[in-house]
Amino acid sequence: MSAQPAPRAPGPDALAPPLLARAYRRMALIRAFEERLHVENTTGDVPGFVHLYAGQEAIAVGVCEHLGDSDYLGSTHRGHGHCIAKGCDVVAMMCEIFGRAPGLCGGKGGSMHIADLSKGMLGANAIVGGAAPLAIGAALTHKTKGSGGVAVAFTGDGGSNQGMVFEAMNMAVVLALPVLFVFENNGYGEGTGADYAVGSRSIAERAAGFGMPSVQVDGTDFFAVHAAAGEAVARARAGLGPSAIEAKALRWYGHYEGDPMNYRAPDEVARARAERDPLALFRARVAGRVPADELAGIDAQALAEVDAAVRTARAAPFPEPTALERDVYVAY
Amino acid sequence: MSAQPAPRAPGPDALAPPLLARAYRRMALIRAFEERLHVENTTGDVPGFVHLYAGQEAIAVGVCEHLGDSDYLGSTHRGHGHCIAKGCDVVAMMCEIFGRAPGLCGGKGGSMHIADLSKGMLGANAIVGGAAPLAIGAALTHKTKGSGGVAVAFTGDGGSNQGMVFEAMNMAVVLALPVLFVFENNGYGEGTGADYAVGSRSIAERAAGFGMPSVQVDGTDFFAVHAAAGEAVARARAGLGPSAIEAKALRWYGHYEGDPMNYRAPDEVARARAERDPLALFRARVAGRVPADELAGIDAQALAEVDAAVRTARAAPFPEPTALERDVYVAY
Amino acid sequence: MPKRSMRAAINDAIRLEMERDPNVVLIGEDVRGGAGGTGGEVEAYGGVMGVTKGLWTKFGSARVIDTPITESAIVGMAAGAAMTGLRPIAELMFMDFFGVCYDMLYNQAAKFRYMFGGHARTPLVVRGMMGAGFSAAAQHSQAPYNVFTAVAGLKVVVPSNPYDAKGLLITAIRDDDPVVFCEHKLLYGLSGEVPDEAYTIPFGEANYTREGEDVTIVALAAMVPRANAVADKLRKEGISVEVVDPRTTSPLDEEGILESVEHTGRLVVVDESAARAGIAHDIAALVASQGFHSLKAPIQLVTPPHTPIPFSPALEKAWLPDEARIEAAVRTAMAA
Amino acid sequence: MPKRSMRAAINDAIRLEMERDPNVVLIGEDVRGGAGGTGGEVEAYGGVMGVTKGLWTKFGSARVIDTPITESAIVGMAAGAAMTGLRPIAELMFMDFFGVCYDMLYNQAAKFRYMFGGHARTPLVVRGMMGAGFSAAAQHSQAPYNVFTAVAGLKVVVPSNPYDAKGLLITAIRDDDPVVFCEHKLLYGLSGEVPDEAYTIPFGEANYTREGEDVTIVALAAMVPRANAVADKLRKEGISVEVVDPRTTSPLDEEGILESVEHTGRLVVVDESAARAGIAHDIAALVASQGFHSLKAPIQLVTPPHTPIPFSPALEKAWLPDEARIEAAVRTAMAA
Ligand SMILES: Cc1ncc(C[n+]2csc(CCOP(=O)(O)OP(=O)(O)O)c2C)c(N)n1
Ligand SMILES: Cc1ncc(C[n+]2csc(CCOP(=O)(O)OP(=O)(O)O)c2C)c(N)n1
Ligand SMILES: [Mg+2]
Ligand SMILES: [Mg+2]
């Protein structure tokens, strides 16, 4: 199969205003969360590595709006957006990222391993490409149980070159698993351009070569992502097997906080913020269907929620020493 | 890139009779070697696992006729044919397969690890898919040294699904390495059909998706393989990067000796022997250009050479106990 | 009690657990054999060594899942399925292949529970064959259970006989943690008494295959029959050898080993896994740190040499610890 | 002598060897940084930790080769290049990533020479960072040198200071066998005297960082400064501690360790690699088997607990062996 033209995005008219508001709320929450973390990180109080999702909000939310708690999601090292889109609690997330006991993982995972199985969020993953083999397993569970559920694997442009991602795609085709491979092409893997590291014409085309429907969409356009994901999820739920989506966007921050980013044109981020802001694009598209003040209210509430989360996290206790040797095994 | 139509095979007229005879000699030697091993194996004197190449002779020879000793070849667990095509000594090969001291690897490698670096033969490989990453390294050596040499990785249809093979293809495209990926599609990986395990329309098409020229050819037709490999090797030598070839053939024996082969139609092998014997097809094609008695003489000599090799191997000593701890390191 | 080979005992365990629990699925290369191709709908292999024979015929393609040659996707898929409600048994065929898929085992499955703060359970069994003795050469003869044992979050089983294999595998399948189950090739044909019904053997409980007073041999997997033979031989000479088979290296029956050494005062460890940083070293370290005062003599390590596994039977025979080397180690321990 | 960080010392070693030998190439993810993208022809990273800074600028794309995220192809390509005439240095970034590419290291590069009957040489260096202490959590904090040490055919280096790092890395690059070079994150910033010119330090020769009479501490990598600090502290109390830094775990300076224990009669091993089947166990087993009669007290193993590495600094601090635990172990050894 060669990569197919992206389906015509049906646009905001296809979604009822409450759904539009919900999607925007999630995007706004991701944005507020990440921009705040960018600031918090400068205080030195955020341990370890943090990778921010700002600029890619429309991808996580455009996909996850099709999912329920019983659908599964495997994430990347850049996982905050996926968590929020999948419905994880931002207070518990923030506690986790600060390494505190009330965190989603009791402070044992941190940003690179946030998970909430009750929401179907199978974890951020610090091994690039790690989500794909795991997600096909979650899809196998759904297939075996005949539950009609699906699984989604998120992978970056850099991760798209990892062997186990290719293996997972082939396995998914062979077993016709209800899974969706979402490739978030934000132009770079660390400091290396996707135009260098991906040898094929596009990630979508390479995925198509594995024998599944595959499209490339504008990952800053919520509606484009939403439409493509809708088709893929419907296919999967209908038992028709896997699909791939390459969603192109730009990350607004460095790979890590402190990254000088001299592998990018000096104005690349500024232009992305000005011209390809997924939230601004969304607002423009829904003008007339969702009142501007409602959107502004959502923005304000997101900021407030995140602020409360940071306060809670900062006040929260670190894990007790006794936690160290707990939770290695169910029983040993 | 999508998989391209195979180039028109120029046929026997394009090759001088001495070259035709040389190619036939190698194919005949492989055939004789493997048929004899099939018999020897029943005596219980051949240790370990042996995988026979009969039925695929035109692939190894069709490719290797383009290579010199300074070109490199990475092989599979089914490596005898590649060794012979690359010019390894059959006596030393047979000694190795019998686990004797004068073997190519001193008896330490066996059938699954035969190597002869002086011939550019980088080893059979018992890890399915193992040749591809190694071969791109050999290609990197040639590229770095500007020597104009190439490397070839052989992989089976089963091995084509292994992650590191995909990785090697992408890396080869990114670095424009002088390497050729040859996929020998003999229909099965152990007892599993390629039609089941390869999810894409074809191996060639999937390889094309990685961004390199890729063709599918009849692997029982020496001239088809030879033509495709010639183009690919020329591209590589010219610095134009990697190519892929999927060559379809059938293996004449079980995956392992003793395999009941009930995953194949009962007459599949008989028909392959009758209708798609690479040697018979070659003989028919060169009729008029190479005298039939010359070909018959080559057949007879191949049998004699192999017979001598078996005699030598059976008479050869096993390695001395002192060999056990030798050759682990260059120095320790 | 009926006699069964270890191969049959393992097959038994899988079959019984698949009958008992619809969430148990078997995933691997040629665990059925015969998918695709021109032979029609058949079960062609039942595993390359016939260990899973009959299971596809009984349970069908939805539960006995043949895969491409794609170990990262096999183990990863099994891990993902385990954390979402199945109880997969993933076959690695040869344990040597862990090198192409180890991330999914050691960085993922083994760590989910801890990384996710105790909220995950990953009831996964990864099983496959290991060990030298078949002239399978350097890439198909290894016994890397030392590597798995070092990983917090994994449990590791190394059965030495059919009875144990069945009971331990049933325990493994019912266990809620990821378990690596290592089947020694040399033992597949070994026959022993095995009940028809399902039974479990707890992890972390050593089996004393010989009781003795003078010296303790701790031996694992294919080394156990060899240790037993040495014990039987030396008993006739009046040397009383205790043989301890830990059966699982993680958890390890530390107490059982320490008690035995406390009793005998002498320790020989026979381990195929590695000449360096192997299980022999792990157990020796345990005793040298926690049972030091019991020791009357230097601990004897019987391991292969620090070399890859040679192909030629002439060399491979010398590579694998044999009865002569075990006996010599016991005599050295006795002499000290 | 000029002072340099360990980061700079490593950079030095690579640069000097690349100048000396055109066959030395550096391969890895972002060892340059800046290939592709919109930033033009720049060196954006020089390694994510800046260890290889300046090398691309000096040697260009033909010798400082940025790759996709594709570790099996990185290590495999490096191994294939090594056996055909280059001397590649492959960077694994974090050693934890060995799980996605280990076959190419342990089944291929490590075994070529033996499997091919001594006819191959594979002058490969795989280097990368290891170790806890950065809140990098369970998949970016491991120190799996125990796993590499168990593999016949590999050499393993675990430097503890800038001077050693430079000399050992130059040795590694000139060595004709595959070497795994493990750089502890916590040490990159450590400063020490490092000559400008190239020099080599032989493998298998321990460094006695403290001399003493009462007890031997064998410590590795980031544990060495901690052991030294404990030795210095206890010396004031009249406890004389010898600290042995093996520097390479394969080959291991067995004689050096045994001699020290013969002298002191007491052994503490401090090792970050694993709570089970680690290098602490390997060294303890060595002494319990070959130096048993020197021992006056039980061997003390100081390792992390058998858990994955926790993210939260509160827990990670307790996970990594610290001076308090080392000191307590020494006191226990002295009390016995
Ligand atoms: C197997 C593996 N290799 C390398 C890394 C180091 N690393 C972490 S993130 C990253 C870049 C990933 O790029 P991409 O997939 O495009 O995701 P993005 O960061 O752009 O979201 C790399 C190389 C890793 N964590 N795991
Ligand atoms: C990584 C790995 N997985 C599985 C195996 C076991 N195995 C050996 S040969 C083989 C089948 C290979 O099939 P294919 O690549 O088509 O080659 P063919 O045998 O047909 O020549 C398998 C699964 C292996 N040796 N290595
Ligand atoms: Mg990216
Ligand atoms: Mg095949």
Side-chain angles (χ1 to χ4, degrees), chain B residues 72 74 96 101 103-110 112-118 120 122-127 129-145 147 149 151 153 162-172 174-175 177 319 323 326-332, chain D residues 22-25 27 35-36 61-63 65-86 88 90 100-101 103-104 107-124 151-155 175-178 202-204 250-251:
Chain B
Y72 295 113
E96 186 61 34
L104 272 178
C105 307
K108 283 177 170 166
M112 291 204 294
H113 305 293
I114 291 195
D116 184 350
L117 301 185
S118 70
L122 302 181
N125 205 310
I127 298 298
L134 301 173
I136 64 170
L140 179 69
T141 298
H142 277 313
K143 184 187 171 203
T144 305
K145 302 200 168 189
S147 52
Q162 182 65 256
M164 59 193 171
V165 178
F166 297 122
E167 289 194 9
M169 290 198 284
N170 185 56
M171 182 87 106
V174 169
L175 300 180
L177 296 174
R326 231 175 16 230
D327 300 329
V328 182
Y329 297 92
V330 175
Y332 196 60
Chain D
N23 290 323
V24 177
V25 297
I27 302 168
S61 298
R63 295 186 61 203
I65 303 170
D66 261 0
T67 70
I69 302 172
T70 184
E71 286 81 6
S72 284
I74 292 169
V75 178
M77 182 169 82
M83 77 191 297
T84 55
L86 297 184
V100 295
C101 60
D103 185 77
M104 284 292 137
N107 265 335
Q108 311 291 341
K111 296 183 171 50
F112 287 153
R113 187 165 182 78
Y114 195 78
M115 291 193 303
F116 302 160
H119 299 301
R121 52 182 71 205
T122 311
L124 164 70
V151 178
L154 296 181
K155 295 174 177 172
D175 197 283
D176 279 336
D177 292 308
F203 288 173
S250 178

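Model, not experiment: these values are computed from the prediction. Labels below follow one simple rule: chain letters A, B, ... track the order of the sequence lines, proteins then strands, and each chain is numbered from 1.
Using a 4.5 Å cut-off between heavy atoms, D:Val25 touches chain B through its side chain atoms alone. Contacts between B:Lys143 and chain D at a heavy-atom distance below 4.5 Å are absent for every atom of the residue. Of the two parts of B:Ala131, neither the backbone nor the side chain holds a non-hydrogen atom closer than 4.5 Å to a non-hydrogen atom of chain D. Both the backbone and the side chain of D:Ser250 have a heavy atom closer than 4.5 Å to some heavy atom of chain B. Neither the backbone nor the side chain of D:Lys111 comes within contact range of chain B; no heavy atom of the residue lies under 4.5 Å from a heavy atom of that chain. In this structure, the portion of D:Asn23 lying under 4.5 Å from any heavy atom of chain B is its side chain and not its backbone. Neither the backbone nor the side chain of B:Asp116 comes within contact range of chain D; no heavy atom of the residue lies under 4.5 Å from a heavy atom of that chain. Both the backbone and the side chain of B:Ile136 come within less than 4.5 Å of a heavy atom of chain D.
Taking CG from B:Leu140 and CD1 from D:Ile27, the interatomic distance works out to 5.5 Å, rounded to the nearest 0.5 Å. To the nearest 0.5 angstrom, B:Cys105 atom SG is 8.5 Å from D:Met115 atom CE. A distance of 12.5 Å separates CG of B:Asp327 from CZ of D:Phe116, quoted to the nearest 0.5 Å. The OG1 atom of B:Thr144 lies 5.0 Å from the CG atom of D:Leu86; values are rounded to the nearest 0.5 Å. Atoms CD1 and CE, from B:Ile127 and D:Met104 in turn, are 8.0 Å apart once rounded to the nearest 0.5 Å. Between the CZ atom of D:Phe112 and the CG atom of B:Leu134 there is a distance of 4.5 Å, given to the nearest 0.5 Å.
With respect to chain B, the highest number of heavy-atom pairs below 4.5 Å among D:Glu71, D:Met77, D:Arg63 belongs to D:Met77. Most heavy-atom pairs under 4.5 Å with chain D, from the set B:Met112, B:Lys145, B:Met169: that is B:Lys145. Between chain B and the options D:Ala79, D:Ser61, D:Pro68, heavy-atom pairs under 4.5 Å are most frequent for D:Pro68. The residue among B:Ala139, B:Ala138, B:Ala151 with the most heavy atom pairs within less than 4.5 Å of chain D is B:Ala138. In terms of heavy-atom pairs under 4.5 Å with chain D, the best-connected choice from B:Glu167, B:Lys108, B:His142, B:His113 is B:Glu167.
Summarising the geometry of B:Pro133 relative to D:Ala73, their closest heavy-atom pair is CB-CA, 4.4 Å, with the distance given to 0.1 Å.
Counting only heavy atoms from C-beta outward, the side chains of B:Val174 and D:Thr70 never approach each other to under 4.5 Å. With contacts defined as side-chain heavy-atom distances shorter than 4.5 Å, the pair D:Ile74/B:Met171 qualifies.
A distance-only check finds a donor-acceptor pair linking the side chain of B:Tyr329 to the backbone of D:Leu154 [under 3.5 Å]. D:Asp176 contributes no side-chain N or O that, together with a main-chain N or O of B:Ala331, makes up a donor-acceptor pair within less than 3.5 Å.
In this structure, the side chain to side chain donor-acceptor pair (under 3.5 Å) partners of B:Thr141, at least two apart in sequence or on a different chain, are D:Thr84. Applying the side chain to side chain donor-acceptor pair (under 3.5 Å) criterion to D:Asp103, with sequence neighbours excluded, gives D:Asn107, D:Gln108.
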